[in-house]
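The next block holds one structure in the form of structure tokens; read it before the comments.
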Amino acid sequence: MRWVVKILNLFLSIYISSCGLGNDVLSRSDFIEDRDVALEIIDGNEQSGVVNQPLANALVVKTIDDEALPASNERVEFRVVEGTASVTSVAYTNSSGLAEANVTVGPNPENIKIRAYWPKGDREVFFDVFGSLAILKINSAPGFNNEPKCVRENEEFSVPVVIELIGANNTPIANTDIVVSINNGSLDQTAFESSVTYTTASNGKITFDVVAGVTEEDEYKKDIRVTAIVPSMIDTQPIVLDLETTKDKFIEALSPETQYAFSPEFNVDQFTFFVRVFGECDAILEGEPVQFERRWTAKSDSPCAYDAAAPHYEDWYVHGTTLTNAHGYTAYSPDLEVEYLEQNIMLLRHNDVRASLFNSVNSNIPNFKANHYICGE
């Protein structure tokens, strides 16, 4: 009789599988193995909180399914694996695939690591947060609340930096020194000092302005970093602002520095010189005039380089002007001679072309060379 039961169970399992009733197990196995399955950190990582108080921002993760789409109503588990804190143990994703957990820092100033685990996707990520006796909080600054984080050289940012020092029970900490340092810029429009010490007011706040520095002559953009620390509270995490400064206008070469004539059969060939013009903080400058100048020489012993002593029309002279398009690009395509007849002797002609912004001195000047094909051999 037992063998009859075994045979019936076998047929039943085959029947269930063929009817699709066992697909949940199979699909879960395929789902876990698919590399498109992901758990991503969205928000809340690397933040600081005061001991025994909640973190300001929740820990937020996103689940992505085997079709690279956000997965809703998924269980995500959170657990403290290093340090002391309390955290929401289980959260379920919303329609955008987001799940979040709230954290309350424990009694000790320390580093805390929290694991987020998605059982269905068999994926995990780790959050690093910090418990401190006090925290620095930004109330206002360039780059926050949609304020611009970039200005042109030597310009002041449009909003001041306001930093608050907060202790237990969200109490402001007054009369405490905060050291602010900056690279490539100045604080409160004074000399380009490396750091300034500010003392918190009765509301625990300090306020200062940031003035951008300069970029290198042949560079368009340069980083600015502002750092604030509390020397008397070594466990308090610093505040770091990453900002930028750019030139008012900048021209960049896109075509090769040296081009050679395509055909050995003609003494004239067409060359194309591409450039791009940047405005302040990546602004697109449409209709910006770009001036192209040219000089040339021809000499038998130095045919592939400019020689002021060799025959030439004159040193740099304006050869043409173009306007940038809607994306800030422009191109200039002149016909240039690559051979030169001098006293019945055919010499190679070397051409130099340079591009510059019309009526502007605040830019670099890309230089190009246009030569006979022999110079490229």
Side-chain angles (χ1 to χ4, degrees), residues 46-48 135-165 176-201 205-231 236-254 275-286 288-291 324 327-329 354-367:
E46 296 187 347
Q47 62 176 309
S48 298
I135 61 171
L136 289 171
K137 177 183 176 183
I138 296 177
N139 288 349
S140 168
F144 282 74
N145 297 325
N146 298 319
E147 295 291 345
K149 57 177 282 187
C150 172
V151 296
R152 71 174 70 176
E153 295 174 310
N154 299 315
E155 290 287 317
E156 182 178 300
F157 284 89
S158 59
V159 297
V161 178
V162 180
I163 297 176
E164 183 178 6
L165 182 61
T176 302
D177 287 345
I178 298 178
V179 178
V180 180
S181 59
I182 187 171
N183 76 311
N184 192 33
S186 65
L187 305 170
D188 292 324
Q189 300 187 22
T190 58
F192 279 72
E193 69 288 311
S194 59
S195 67
V196 174
T197 299
Y198 299 90
T199 302
T200 56
K205 297 179 181 180
I206 63 170
T207 302
F208 57 90
D209 292 307
V210 175
V211 181
V214 299
T215 68
E216 302 295 332
E217 182 178 351
D218 57 348
E219 293 180 358
Y220 167 65
K221 181 181 296 185
K222 191 170 183 180
D223 294 335
I224 303 168
R225 171 161 285 191
V226 180
T227 304
I229 63 172
V230 185
T236 300
Q237 296 296 310
I239 289 288
V240 178
L241 294 174
D242 288 316
L243 310 175
E244 296 174 344
T245 184
T246 68
K247 293 187 179 297
D248 178 27
K249 295 179 183 178
F250 189 81
I251 184 170
E252 178 186 56
L254 298 179
V275 297
R276 177 172 53 177
V277 178
F278 296 95
E280 174 188 342
C281 297
D282 299 323
I284 295 175
L285 298 182
E286 182 179 3
E288 185 71 26
V290 177
Q291 181 175 272
T324 57
H327 302 287
Y329 296 90
R354 68 183 184 188
S356 61
L357 298 177
F358 189 74
N359 290 333
S360 176
V361 296
N362 187 23
S363 69
N364 67 322
I365 301 178
N367 287 274

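Residues: numbered from 1 along the sequence shown.
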If you look at every heavy atom in Ser356 and Ile251, which pair is closest and at what distance? N-CD1, 4.2 Å

Please identify each residue that fulfils side-chain hydrogen bond (donor to acceptor under 3.5 Å, both in side chains) with Thr176, with sequence neighbours left out. none

Specify whether Tyr198 and Phe208 have parallel, tilted or perpendicular ring planes, treating 30° as the upper limit for parallel and 60° as the lower limit for perpendicular. parallel

Just jot down the side chain to side chain contact (heavy atoms under 4.5 Å, CB included) partners of Ala253, sequence neighbours excluded, or say none. Pro366, Phe368

Just to verify, which of Ile206, Ile239, Ile229 counts as forming a side chain to side chain contact (heavy atoms under 4.5 Å, CB included) with Leu136? Ile239

Would you confirm whether Asp218, through its side chain, and Glu216, through its main-chain N or O, come within 3.5 Å as a donor-acceptor pair? no

Tell me whether Thr245 contacts the main-chain N or O of Val151 through its side chain, where contact means a donor paired with an acceptor under 3.5 Å. yes

Under the side-chain hydrogen bond (donor to acceptor under 3.5 Å, both in side chains) rule, collect the residues that match up with Glu280, sequence neighbours excluded. Arg152

Can you list every pair that meets salt bridge (charged side-chain N to carboxylate O under 4.0 Å, His left out) and has a residue in residues 236-245, with sequence neighbours left out? Lys221-Glu244, Arg225-Asp242

List the atom of Phe157, the atom of Pro148, and the distance in Å for their closest heavy-atom pair. CD2-O, 4.1 Å

For residues Val290 and Tyr329, determine if any side-chain heavy atom of one lies less than 4.5 Å from a side-chain heavy atom of the other. no

Tell me, with the steps shown, if Glu153 and Thr215 meet side chain to side chain contact (heavy atoms under 4.5 Å, CB included). CA-CA 7 Å; Glu153 295 174 310; Thr215 68; 3.2 Å; yes

Closest heavy-atom pair, Glu288 versus Thr324, reported as atoms and distance to 0.1 Å, is N-OG1, 2.8 Å

Mind checking whether Phe278 and Tyr220 have parallel, tilted or perpendicular rings, split at 30° and 60°? parallel

Locate the shortest heavy-atom distance separating Asn184 from Ile224; write the atom from each residue and the value. O-CG1, 3.4 Å

Under the side chain to side chain contact (heavy atoms under 4.5 Å, CB included) test, residues paired with Val159 that sit two or more places apart: Ser140, Pro142, Glu147

Starting at OG1 of Thr236, measure out to CD1 of Ile178 and round the result to the nearest 0.5 Å. 9.0 Å

Using every non-hydrogen atom in the two residues, find where Thr246 and Cys281 come nearest and quote the distance to one decimal. OG1-N, 2.9 Å

Checking Ser48 now: which residues fulfil side chain to side chain contact (heavy atoms under 4.5 Å, CB included) with it, not counting sequence neighbours? Phe130, Ile135, Gln237

Indicate yes or no for a side-chain donor-acceptor contact from Asn139 to the backbone of Ile163 under 3.5 Å, with no hydrogens or angles considered. no

Taking the side chain as C-beta and beyond, is there a heavy-atom pair between Leu241 and Val161 under 4.5 Å? yes

Give the minimum heavy-atom separation between Gly279 and Leu285, together with the two atoms involved. CA-CD1, 3.6 Å

